[in-house]
Structures are given as structure tokens and as C-alpha cells.
Amino acid sequence: MAAPKKVRAASRNPSLIRGIGKFSRSKMYHKRGIWAIKAKNGGSFPHHDPKPAEPAPSSAKPPKFYPADDVKTPIPNRRKPKPTKLRASITPGTVLILLAGRFMGKRVVFLKQLPSGLLLVTGPFKINGVPLRRVNQSYVIATSTKVDISGVNADKFGDKYFTKERKEKTKKGEGEFFETEKEETKALPQEKKDDQKAVDSPLIKAIEAVPDLKAYLGARFSLRSGMKPHELVF
Amino acid sequence: MVKGRQGESVRLYVRSTILGYKRSKSNQHENTSLVQIEGVNTKEEVAWYCGKRMAYIYKAKTKTKGTRYRCIWGKVARPHGNSGIIRAKFNSNLPPKSMGGRVRVFMYPSNI
């Protein structure tokens, strides 16, 4: 290419109504300046020569089977789903309250949003027992408390880090069938423990710098008598 | 349900009472129940709760899936009237014996 093409800001042909432009084909030809380009290039529009056609594969056998009716091929799906829109109240470093699940009521620190849309959070583990975990945005209340998260590097964590290992299907013999019923409980690999420590240590330093924040994160949230969620400010 | 620490319970739901079914004087429609949420007294306050999930929990004699407790899930549909009562729809209609009983209105799906 001679020069990178710059996309025009607006179309040269304003639409009067959807589907009908103001200018006819011949007027548009003139507006686009095709006549000038042709004149500049000796009477014809510049084009690349067509690539030499590839020789047809010599082993092209006639198909064995011709279907009676025309079969429509489905259009390939090119859509890529985006991660869910993150609420404005949730920014990296926000303290979130988990509303459901094993750790319900716990206050955790939000790290980042994963490509699947789920939120990556951590207790930190030493403070409230919540490990690096994924959680859905709808099951979380964002508080206005923020923790300084600049020391934390969460780049290596993606959705693949959290998926369960797929068990290899092995053919079992008669005798082995009863033995393999007892699967060994998966101990947490040391690598994951190290990852947890690596993420938590700068966090814990930032948390201890703020008075009472450590106790706050260690305590669980609960509704008490007389508390009305629709009136609470988090 | 696994509890991390023994004896520490958190209440993350609002207590509510089942009042009955949506009805007129002589006809009732059991697919929608009327529920009174504690502390909610006007229909403007109900807006926060719309869409929140709720659960009616009851006990049965036989054990299913390891527990005698059973649950009917539902959601807050819309306010009913001006005084903070809500209309709720459950996955299956609530049984009549639940009238006057407790329902838990959770704080999720959350929007805060």
C-alpha cells in the first residue's frame, strides 16, 4: 500500500431517509473524485494484478454422494461475548461484602475483573480465610472503603487458573474398579499457596497502615435487628 | 452448609412474613403471594427490593439430599399497594400452610 488509508469522518452521501441517499450514483462518482484518480493514473483506476490462480489439486475426485436437496450451511458465529459491565462502585481495591456462598458476610478486597466477567477477590487469606477466589458481581455489595492495591500484581490470574482439573479417563480393570473409588483428596498445590502469599503480602502491609481496617476485614457483616438494607449506606 | 467458624452466624437476609395470596374479595390467585418485608412501609422503599431473591424454608419428615429442610425459591416481583407490601412469585406456588410464616428476602442480585 502506498500510504495507510485514513477513514473519512462522515459519509459523503447524507441519508435523507434510511436506505435513500441524497446523491445519485453518478453524483457520488464525481464527489469521490474517481475521475481525478483515473486521470492521474492514465485513464484507468489503479488496481493490483490478480494473484496467479493456484493450480487445482490434482487429486480432485468426484464426490461419492450428491445430496438430493440443497443443504444450507450455517453462518459461522463470530460473536465474542464481552465481560459483564462492572458497576461504577467497584474499582480495584474496593472492599466488597460477599452475600452468599461459603464466605457469606465476609469483607474481601477486590483485585480485578476476569475476562469471564467474574470478579477476582482475596481475603486476604491471613485476615479472614478467604483465598483468591472468583465471585459474581450480583452476589456482592461494594462498600465505599478502598484499599491501596498498587503493590499487587494480579496479571497472572485468569479464568483458567480457577478451573478444575479434568480427570484423565483411564480404563479400569475389574480389580482396580473398587480401589479407585477412594480418590485422594486434592491437597492444595504449593504453587497456589505461594501465589496467595505473593498477592497478600503487599495487601496486608497496605491494610495495616490504615487503623482498624484489619479488624474490619476480619469481621463478618450481618444484619441486626432494626437494620433496613434499603436505608443502609455501604 | 459448611460454616467456617462454629457458632458465628450471619443474617444476610431480611425477615419477612407471608400474608397470603394475591386475591380479590372472593377469588384468589395462588401463583402470586403477598409478602410483608420487615421495616418496609412505603412502595418507594420496595423499589430497592424488586428483583431480589427470596426463599421459603420448611421442614419435612423425610430426608432428601441429606437434609430435612426444604426450600421454595422465588423473587420479589413488584410492590402491592402503597404500604410496602410486595407481590412475590415463587418457582412453585406457596402452600397454604405457609401463610403467616417466615420468608427470607436476600440481598442478591445486588445492585449497590
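Throughout, protein chains are lettered first and strands after them, A, B, ... in sequence-line order, and every chain is numbered starting at 1.
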Can you pull out the residues in residues 225-234 of chain A with any heavy atom less than 4.5 Å from chain B?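 The residues closer than 4.5 Å to chain B, in numerical order, are A:Ser225, A:Lys228, A:Pro229, A:His230, A:Glu231, A:Phe234.
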For [X], does the [atom1] atom have more than 12 heavy-atom neighbours from other residues, nucleotides or ligands under 6.0 Å away?
| X | atom1 | result |
| --- | --- | --- |
| A:Arg32 | CZ | no |
| B:Lys75 | NZ | no |
| A:Lys146 | NZ | yes |
| A:Tyr161 | OH | yes |
| A:Asp212 | CG | no |

Evaluate A:Ile97 against B:Met107 for side-chain contact (heavy atoms from CB on, under 4.5 Å), listing each step before the verdict. CA-CA 11 Å; A:Ile97 300 177; B:Met107 303 207 284; over 6 Å; no
If you round to the nearest 0.5 Å, how far is OG of A:Ser89 from CG of B:Asn111? 8.0 Å
What's the separation between atom CD1 in B:Ile112 and atom CD1 in A:Ile90, rounded to the nearest 0.5 Å? 10.5 Å
If I measure from the heavy atoms of chain A, does B:Tyr49 come under 4.5 Å with its side chain, its backbone, both, or neither? side chain
Quick check on B:Val46 against chain A: is it the side chain, the backbone, both or neither that has a heavy atom closer than 4.5 Å? neither
Among A:Asn136, A:Thr143, A:Leu99, residue most engaged with chain B (heavy-atom pairs, under 4.5 Å): A:Leu99
Only pairs at least two apart or in different chains count here, so list each salt bridge (charged side-chain N to carboxylate O under 4.0 Å, His left out) that has a residue in residues 188-211 of chain A. A:Lys156-A:Asp195, A:Glu208-A:Lys214
B:Val10 and A:Arg220: which non-hydrogen atoms are nearest, and at how many Å? CG1-CB, 3.7 Å
What's the shortest heavy-atom distance between B:Leu12 and A:Gly105, and which atoms?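 Minimum heavy-atom contact is CD1-N, 3.2 Å.
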Which one, B:Gly39, B:Ser110, B:Pro109, leads in non-hydrogen pairs under 4.5 Å with chain A? B:Ser110
Part of A:Phe221 within contact of chain B (heavy atom distance under 4.5 Å): both
